[in-house]
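Taking it in order: structure first as structure tokens, then the write-up.
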Amino acid sequence: MNIVAFLLVGLIAGWLAGKIVDGHGFGTVGDIIVGVIGAFIGGLLSNQIIGETYGFWGAVLMATLGSVVLLFIAKLLGHGTTRTT
């Protein structure tokens, strides 16, 4: 996959995951970072559970699922929350 397509998948996946988990995205750069990391997580999960995914939309789906897992774990660990004292 070329770099532009990879970044586009990351942007879409990060934005979707942000909407699913937090109700908002994280800005273009934040969405790309979350989506790219999520793509790696989604790829690992995909290979273990259902096998290989094909096509652009398959990549977006797996990257989104991986990004949701990433954001869910981050919430469990307390990252990304603001605390007032």
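- Residues passing the side chain to side chain contact (heavy atoms under 4.5 Å, CB included) test with Ile41, sequence neighbours excluded: Ile37, Leu45, Val69, Leu70.
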Do any side-chain atoms of residues 56-66 form donor-acceptor pairs under 3.5 angstrom with protein atoms, and if so which ones, sequence neighbours left out?
from, atom 1, to, atom 2, distance (Å)
Thr64, OG1, Val60, O, 2.7

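- Partners of Phe72 according to the side chain to side chain contact (heavy atoms under 4.5 Å, CB included) rule, which considers only residues two or more places apart in sequence or in another chain, are Leu76.
- Closest of all the heavy-atom pairs between Ser67 and Gly35 is OG-CA, 3.5 Å.
- When the side chain to side chain contact (heavy atoms under 4.5 Å, CB included) test is applied to Leu71, the partners found at least two apart in sequence or on another chain are Ala17, Val21, Phe26, Val34.
- With sequence neighbours left out, the side chain to side chain contact (heavy atoms under 4.5 Å, CB included) criterion links Ile32 to Leu7, Leu11, Thr28, Val36.
- Hydrophobic clustering of Ile, Leu, Val, Met, Phe, Trp and Tyr side chains at less than 4.5 Å, counting indirect connections, keeps Phe6 apart from Leu44.
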